[in-house]
Amino acid sequence: MTTADQKSNILEIIAKAYVNWFNAAKPENKWTLEPAVKYFEEAVKAREMGKPVVWGSFVSQPEIFWAMDMFPLTMENFSFLLALLPGNMGHKYIDIAERHHMADHLCSYNKTMMGLAFSGDIPKPDIIVHPLQPCDSGRITYSNMAEILGVPAFAIDIPLLRTERGYSYVADEFERMVSFLEEHTGRKLTYEKLKEAMEWSNRAYAYYFKADELKKNVPCPLGEAFIPPFYMAGRVECAEYAERLYGIGQAKVEKGEGFLREEKIRLGWFSTGAYFDMGMQPWIRKEFGASIVHTMLGSYPGPIEDISTTRKIFEGLARQLLELPMARETGGLAEGWMEYAIRICREYKLDAVFLTLNMGCKNAWALAKLLKDEIADRVGIPTLILEMDALDSRVVSSESIRSAITNFFNTILA
Amino acid sequence: MTALEELMELSREPYNPLVKDWKEKGGKVIGFVCSYVPEEILHAAGLLPFRITPTGCTTTLEADAYFSRINCTFCRACLQMALEGKFGFLDGLVGINPCDHIRRLWDLWRLKAGLPFMKILSLPHRVHEGAVEWYKGEIQIFKGEVEKAFDTQINEDSLGKSIEIFNTSREWIRKLYDLRTKENPPLSGNEVTRIIVALLHIPREEGNKLLERLLNELENRKGISDYRARLMVAGGACDDPEFIEVIEKAGGLVVTDSLCFGSRYFFERVKTDDDLLRSLSMAYLNRPFCAGMAGGERNRLNFNLEMAQRFSVNGIVFQKIRWCDLWGGEAFYLGEKLKELGIPYLSLEREYWLSGQEQMKTRVQAFLEMIGK
Amino acid sequence: MVTAGVDIGSLTGKALIMKDNEILSWAMIPTGADGALTANKVMELALDKAGLSHHDVDYTVSTGYGRVITTFAQQNFSEISCHAKGAHWFFPDVRTILDMGGQDCKAIRCDETGKVTDFVMNDKCAAGAGRSIEVMADLLQIPLDRVGECSLDIKAAEIPISTVCVVFAKSEALSQLRRGKHKNDILAGVCRALSIRILSLLQRVGIEPQFVISGGIAKNIGIVQRLGEKMGLIPRICIEPQIVGALGAALFAREQIEKG
Amino acid sequence: MITVGIDVGFLTTKAAISEGGKVIAFHEVLTGDSGREASAKAVKAALSSPAMDSKDIAKIVSTGAGKGDIPYDGEQATEMLCDVKGALYYFPLAKTVIDMGAECVRVIRCGPTGRVLDFGLNDKCAAGAGIFLDVIAKALEIDLVDIGTLSLQGKEDIDITATCSVFAESEVVGLIARGKDKASILAGILKSVANRIYTLANRVGIVQDVIFIGGGAKNVGLVKNLKTLFKKELLIPQNPQVIGAIGAALIAQERSQ
């Protein structure tokens, strides 16, 4: 007997879920859900419309796929959505992965997607493309997944250090990737198509970068939940989202308004959150008057400067790729994350930091004390270290996470 | 003392007599943690390359202030000994990024117990032509850093000589492994692990002499016949002879392995008739893959099968240190495949030092009973 | 021919005497501080019941964590093999066995001859091992053999137990008691938590009928029923689940003689 | 005007009375089946010597695992705050407070005014918490209070490798079976517990003066092990287990002004 008995198509389930969320949303918020609704509608139909489906990682860029008229699915997205959908759907797939001897200590993002792929509850892709970042767990999972599903895969190798030599190595990898894609899909990448995608992408990155900068204002004008769907970067929807978000933030700043009526404390949330409890952030705002002005997954690098040639674009993408959320933190040497953390604490005028130690994240766990001490010594603000699993509520319940947070506010921030 | 006895002796503690000796003669010792670091470069610069093993470490008290309970105990043990000053005899440390734990070990060691010479190489995680070029470049830069730091020149000639020396010991070890294909191997698995650990901790010239003597001795050493089954150990880094001993005490003679403290480290010869740096990069990257190499599943599986067949093993013991994601992910694929192929397969998770021995013994015994031995 | 099997577990020691394929007698006593002593004692008891003495026994096999200190046994086998063998004697069509001892929990797969084909054990942490039931029974002052039925007779509502740690689960239960919750409702939560952990272990070897539960846990209807529901099949229970290991050992003893 | 602090712990419940910033009485009772009854009992007893009138109670502050369940309408304070307040009352130079209770080990860094700067908890795994010693005491068939003194007579050095308290329990049983003496086994157990506390303290950071409170501080064997690990002096108040309650009483004073 297996629990994968009752086949269910996760794509359709999530497409439906987004429609429901859209219908339930307040009129003024509907725009934030429009792109995702469209994206998953298309995702369900991608095959019929003859688009090759490519599975990719969330620390990668989809522009090239859109430009080649392929349909990119970000697998971590499913892990995330399955965790927050009612009924802990994610647990089922985590169990399937572990049952097949996938070590229980891998990241639950990866366990969920491996279980999902293995269960057959999501149609096999035509190709898998994954950069070898941000961690061991991600690297081995995508690689194994391709082998087990028997799907051609391309892994973008990532150098350790951010150097010119490194960037051009990654740019070369993009060239190798494109010829791999052309070979397996019979489609050609043209500069015109790529340029068009990059213009939309740049627009999204540029506006969101400015929106993120706005959050440095006191009070912080925007909530942490509003992040453009970068899995659609290279398409108009993502750009429009970013532009609109920036507009809202700008207006608030001009009126001197904050996202919170009264901003008592400015929090930075490094590393992942507890995504199985979507009520947690609102609770923190309400309970402690704290606004979360920076989150790891909500802070993106800027646009690409030079898109005059395909090679220039690859070189730009290479730089951007190594600065994407999480790659920026866990990639390279310890100083990379430490210096970035210090900069964020200062520029965003943080009063305290939440550092989540996701059960799978060997990097965060290994650097937690370095980060905490560095932040205390150089910025002089306290860090709450939260041991939890970002997706698996069975590891640490949201009750105990909330009580840890309450303790922190009632003692150190008292 | 026989060569075997000498090697057993040398394997006991990192700071062994030969290293002491080397230091007293004013020699410099450079440590490295992962088998992908090109030792030949260090050797050619007149330095003693020293593959770090936390041999004898039983606690990670101080290390755990930085590393956490979900980090690999091999790396935690290395950091512990570094913080205790047990690696005080090192003049430098060469870092590399095969996995997150070893990369973070490099960070924490550097920031909390820094050594005079500290450089890190960027290892590719996918083996292809471009990666060979990239790693050649890394080795080139590294060569320059070594030359600068120790103000010496490494030329084709000196590097060529060093490569030959390392090729020789690779050859001796291959011969040693050949002896284990016999029905009554002259060496037990834990002896072989001790030999390899010793070899990684001493000047290679000395090591080669010892290996040569050992091979002669073994010709008339009585083979081991009182075993229930022939086993192969696969998986992540394993430099702990005592772990192998637990398996062998239960009656499973370890006759071969696919470990980076074993066959994987020794089986690739470095070409000397071509651009040497390129040949180094080529040889190191084309070794039977570590789980850190993306898309290497078949490469790893085939190497395991090849070894299993050549040494006519009755089963494969896959072992990894808990919290190792690379081998923990690989277990998914390897487990599925070996099941399909009907090859008996036992998966053990361990900490660097033996804990819960009783449970491990039970598992191994049950495994032997399972394969009808 | 007379053979004996001795199973020294972390909580209880069992001995079983067989004549050819018939069980003559068996005995069970709690494992004291001295495992070797326990082995001797329980063997004596079993022999008395059978009206035999040591020299009537042709061959003895020991198993359980005390298998090596059982000095009078000629051979020892792992409890994993013994439980498969014993369960197969009761149910020749068994394919999956769950054995839950004091501190570890084993999921075993075997073939039509009762030979082990795959197995997994919990380790590092006793979460989901039999000990937790003991601890709870002791805390709630309910006899061990009544825990199961109580856990099924829910009064108000099942009380979820959040921690996996046996020791903390106990204090979590205690604080629930202090809040005036009913013992049964607490036990319901305990048994559910346990069966979920057992199930995930079983799923790692893959569950094929017939599914047999051996060891003390088989007497806990609360666990057995919950497992059955979750797996959609009815677990088979040996008449004397706790002697399955010793039985397997005695059967191995016979094989040893037949092998010569 | 007097104030009361109540610490409703897992094993015992403590009440302390403070007047004018001074601690004038305290009492400890077993928590038993009901934290409410236990706190009532403890407060009554504390008020009896010297005899005081409950009408004079200006404020009650409760802390500890059962702080939410007391038969008075008082306020609550976190265990960290109370530990620090109580520790500073006896040792004004306290910078680090280690509290080993039955269920939770706390390491707290504090400022001179009683401000909590940082803290670390071990409340996920029983191995390392006080309750673990309870389990071991039962396994060895000895009295919990004797563990410390007995362990000092240990002859040989035994390492307990098990990471789980239930496994440790059977490891202990196994050790006895192999004829090891109880004292040495206890020494090994206390070493493993001390190691866990030390690791936790290291992550938070250890600054002199270090104050050790809670039931664990009464265990001389544990204290000995910790001193060797910390290579620092450990300051221990007379009644380490009531410091939390005392802290609560003092906080009640501050809040009532």
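By convention in this document, chain letters (A, B, ...) are assigned in the order of the sequence lines, proteins followed by strands, and residues within each chain are numbered from 1.
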With a 4.5 angstrom heavy-atom cut-off, could you sort out which part of Leu121(B) is near chain A: side chain, backbone, both or neither? backbone

Which bit of Ala366(A) is near chain B, if near means a heavy-atom gap under 4.5 Å: side chain, backbone, both or neither? both

Gln133(A) side-chain N/O to Ala327(A) backbone N/O, donor-acceptor pair under 3.5 Å: no

Using a strict 4.0 Å threshold on nitrogen-to-oxygen distance, state whether Lys111(A) and Asp392(A) make a salt bridge. no

Is a salt bridge present between Asp95(A) and Lys92(A), judged by a nitrogen-to-oxygen distance below 4.0 Å? no

When only pairs under 4.5 Å are counted, which of Met102(A), Lys369(A), Arg139(A) shares the most heavy-atom pairs with chain B? Arg139(A)

Aromatic Tyr284(B) / basic Arg287(B) pairing, under 6.0 angstrom, 45° off normal: yes

Region of Ser137(A) in contact with chain B, defined by heavy-atom distances below 4.5 Å: both

Determine the option with the most heavy-atom pairs under 4.5 angstrom with chain A, choosing from Ser347(B), Gly335(B), Gly130(B). Gly130(B)

So, for Trp109(B) and Phe87(B), is the gap between ring centers shorter than 6.0 Å? yes

Any donor-acceptor pair under 3.5 Å linking the side chain of Arg298(B) with the backbone of Glu147(A)? no

Side chain, backbone, both or neither: which part of Lys112(B) has an atom under 4.5 Å from a heavy atom of chain A? side chain

Does any backbone or side-chain atom of Ala153(A) lie under 4.5 Å from a heavy atom of chain B? Answer side chain, backbone, both or neither. neither

Option that, when pairs with chain A are counted at under 4.5 Å, heavy atom only, ranks first among Met293(B), Lys339(B), Glu138(B): Glu138(B)

Less than 4.5 Å to any heavy atom of chain A: does that hold for the side chain of Ile141(B), its backbone, both, or neither? side chain

Does the side chain of Tyr109(A) pick up a donor-acceptor pair with the side chain of Asn358(A) at under 3.5 Å? no

Are Glu315(A) and Arg311(A) within salt-bridge range, i.e. N to O under 4.0 Å? yes

Under 4.5 Å heavy-atom distance to chain B, tell me which part of Asn110(A) shows up: side chain, backbone, both or neither. neither

Given that the side chain runs from C-beta out, which part of Phe118(A) has a heavy atom under 4.5 Å from chain B: side chain, backbone, both or neither? side chain

Is it true that the side chains of His130(A) and Ser143(A) contain a donor and an acceptor less than 3.5 Å apart? no

Does Arg69(B) make a cation-pi contact with Trp323(B), if we ask for NZ or CZ under 6.0 Å from the ring centre and within 45° of the axis? no

May I ask you to name which of Asp172(A), Thr330(A), Leu161(A) has the most heavy-atom pairs under 4.5 Å with chain B? Thr330(A)

Residue, of Leu370(A), Leu160(A), Leu357(A), that accumulates the most heavy atom pairs under 4.5 Å with chain B: Leu160(A)

Test: Arg126(B) cationic atom under 6.0 Å from Phe154(A) six-membered ring centre, within 45° of axis: yes

Applying a strict 4.5 Å limit to non-hydrogen atoms, the region of Trp106(B) in contact with chain A is side chain

What option among Gly296(B), Cys99(B), Ala331(B) has the most heavy-atom pairs under 4.5 Å with chain A? Cys99(B)

Verify side-chain contact (heavy atoms from CB on, under 4.5 Å) between Arg76(B) and Tyr352(B), making sure each step is shown before the conclusion. CA-CA 9 Å; Arg76(B) 277 154 69 188; Tyr352(B) 180 70; over 6 Å; no

Is it the backbone or the side chain of Leu108(B) that comes under 4.5 Å from a heavy atom of chain A, or both, or neither? side chain

Less than 4.5 Å to any heavy atom of chain B: does that hold for the side chain of Cys361(A), its backbone, both, or neither? backbone

Atom group of Met114(A) that falls short of 4.5 Å from chain B, counting heavy atoms: side chain

Structural part of Glu330(B) lying under 4.5 Å from a heavy atom of chain A: both

Please flag which part of Arg176(A) lies under 4.5 Å from any non-hydrogen atom of chain B: side chain, backbone, both or neither. side chain

For each of Ser68(B), Gly95(B), Gly295(B), Ala65(B), tally heavy-atom pairs with chain A at distances under 4.5 Å, and name the one with the top tally. Ser68(B)

Is a side-chain N or O of Glu297(B) found less than 3.5 angstrom from the main chain of Tyr333(B), in a donor-acceptor match? no

Between Thr112(A) (side chain) and Ser108(A) (backbone), is there a donor-acceptor pair under 3.5 Å? yes

Is Ile120(B) close to chain A through its backbone or its side chain, or both, or neither, when contacts mean heavy atoms under 4.5 Å? side chain

Do Thr73(B) and Glu351(B) get their side chains close enough for a donor-acceptor pair, meaning under 3.5 Å? yes

Quick check on the interface: out of Ala291(B), Ser122(B), Cys72(B), who has the most heavy-atom pairs with chain A under 4.5 Å? Ser122(B)

For Glu173(A), is it the side chain, the backbone, both or neither that has a heavy atom under 4.5 Å from a heavy atom of chain B? side chain

Portion of Cys324(B) that has a non-hydrogen atom of chain A nearer than 4.5 angstrom: backbone

